[in-house]
2 protein chains.
Amino acid sequence: MSLKAYENLAKGEQLPLETVLANLKTDDAGLVAAIAQQHDTGEVLMLAYMNEKSIRETLETGQVCYWSRSRQTYWRKGESSGHRQSLISMSFDCDGDCILLQVDQKGPACHTNRRDCFFFKVEGNHVVIDSAPEKQS
Amino acid sequence: MSLKAYENLAKGEQLPLETVLANLKTDDAGLVAAIAQQHDTGEVLMLAYMNEKSIRETLETGQVCYWSRSRQTYWRKGESSGHRQSLISMSFDCDGDCILLQVDQKGPACHTNRRDCFFFKVEGNHVVIDSAPEKQS
């Protein structure tokens with residue numbers, strides 16, 4: 001499946017959410033990639049994966065729920081750490097295999113306790129660690 | 001592979017780029033996800049995929065090159081459309097399965113001629129098309 005059939009709709013036109021969910025271009029495991037972006041600063045925090053059920057739960061509860069590929073279970077972000085992601089808005093991309101989540105991230109998004117996951121920055125022939133873990137509160 | 005062995009390095013520490021490339025957590029097709037973000041506005045433009053060779057080409061040329069999963073070939077962004085992505089910086093995430101590209105995107109990033117690919121926005125039980133294609137110049 002894909003959202004390609006709908007890509008030429010004009011700005012302001014609507015589709016039922018169910019139509020979009022039924023046409024997502026999931027991988028063999030039923031997943032799509034999901035990017036979490038801090039809604040007010042624009043920081044890209046992390047990339048994770050969602051299945052249809054985690055998308056529905058996120059929309060219903062307003063708290064971001066992923067599917068953990070490593071643990072093969074639902075991953076309610078911040079459930080154990082307290083570093084919750086509250087959903088501000090959700091958008092699907094043109095072909096329906098990626099989601100952009102605008103979120104309000106409480107504390108660090110990364111499991112290393114850094115604000116975001118993208119701390120290996122290329123500098124010439126090296127990669128520099130460009131952020132430090134936040135202090136535990 | 002994964003970058004997990006390096007995640008506790010302190011801010012400012014360095015690794016050889018070759019070490020990082022050798023430890024990326026690629027999928028079965030040798031790919032990692034790559035998010036393109038407009039460097040000055042923070043807009044998340046698109047998600048695509050890169051293999052090691054396309055990462056190297058991007059770093060060497062300063063023009064973003066993806067691997068197209070649908071066409072099974074290198075995809076030099078903007079080569080036919082003129083809508084090039086110039087690389088500003090490249091960062092890898094904590095586990096090494098995602099890249100954040102800070103880019104300077106000329107014109108629309110989306111093949112629909114919209115600025116970005118995330119134009120299917122959830123509004124309650126509907127999805128609204130929230131941007132229009134840019135005028136062809």
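Order of the sequence lines fixes the chain letters, A, B, ..., with proteins taken first and strands second; residue numbering starts at 1 for each chain. The structure displayed is predicted, hence computed values, not measured ones.
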side-chain hydrogen bond (donor to acceptor under 3.5 Å, both in side chains) between A/D104 and A/Q38: does it pass, once the steps are laid out? CA-CA 6 Å; A/D104 191 19; A/Q38 175 65 26; 3.1 Å; yes
Stepwise, does the side-chain hydrogen bond (donor to acceptor under 3.5 Å, both in side chains) test hold for B/S86 with B/Q63? CA-CA 5 Å; B/S86 301; B/Q63 295 294 319; 3.2 Å; yes
Begin with the C-alpha distance, continue with both residues' side-chain angles, and end with the deciding distance and a verdict on side chain to side chain contact (heavy atoms under 4.5 Å, CB included) for A/L21 and A/F92. CA-CA 10 Å; A/L21 293 181; A/F92 301 94; 4.1 Å; yes
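Only the side chain of A/I35 comes within less than 4.5 Å of a heavy atom in chain B; its backbone stays farther off. Heavy atoms of A/V128 lying under 4.5 Å from chain B belong to its backbone as well as its side chain. Residue A/L3 touches chain B through both its backbone and its side chain, counting heavy-atom pairs closer than 4.5 Å. A/T112 touches chain B through its side chain: at least one heavy atom from C-beta onward sits under 4.5 Å away, while N, CA, C and O do not. A/A132 touches chain B through backbone and side chain together, each having a heavy atom under 4.5 Å away. In this structure, the portion of A/K4 lying under 4.5 Å from any heavy atom of chain B is its side chain and not its backbone. Heavy atoms closer than 4.5 Å to chain B are found in the side chain of A/C110, but not in its backbone. Residue contact with chain B, scored on non-hydrogen atoms closer than 4.5 Å, involves the side chain of A/Q37 exclusively.
Interface remark: of the candidates A/L9, A/L59, A/T19, A/T41, A/L9 forms the most heavy-atom pairs closer than 4.5 Å to chain B. No other option in B/D95, B/N8, B/V44 has as many heavy-atom pairs under 4.5 Å with chain A as B/V44. Counting heavy-atom pairs closer than 4.5 Å to chain B, the top-ranked of the candidates A/G12, A/A33, A/C94, A/G42 is A/C94. Taking chain B as the reference chain and counting heavy-atom pairs below 4.5 Å, the highest number among A/E43, A/E18, A/H111 is found for A/H111. Taking chain A as the reference chain and counting heavy-atom pairs below 4.5 Å, the highest number among B/M46, B/E123, B/R114 is found for B/R114.
One distance of note links CZ of A/R69 with CG of A/D27; it measures 8.0 Å at 0.5 Å rounding. Interatomic distance, B/I99 CD1 to B/S54 OG, rounded to the nearest 0.5 Å: 7.0 Å.
Linking ILVMFWY residues whenever their side-chain heavy atoms come closer than 4.5 Å, directly or via other members, leaves A/Y49 and A/L87 in distinct clusters.
In this structure, B/Y6 and B/E13 have side chains that are not in contact, with every pair of non-hydrogen atoms separated by 4.5 Å or more.
Between B/Y66 and B/W75, the ring planes lie tilted relative to each other; the angle falls in the 30° to 60° range.
Using a 4.0 Å cut-off between charged side-chain N and carboxylate O, B/E57 and B/K53 make no salt bridge.
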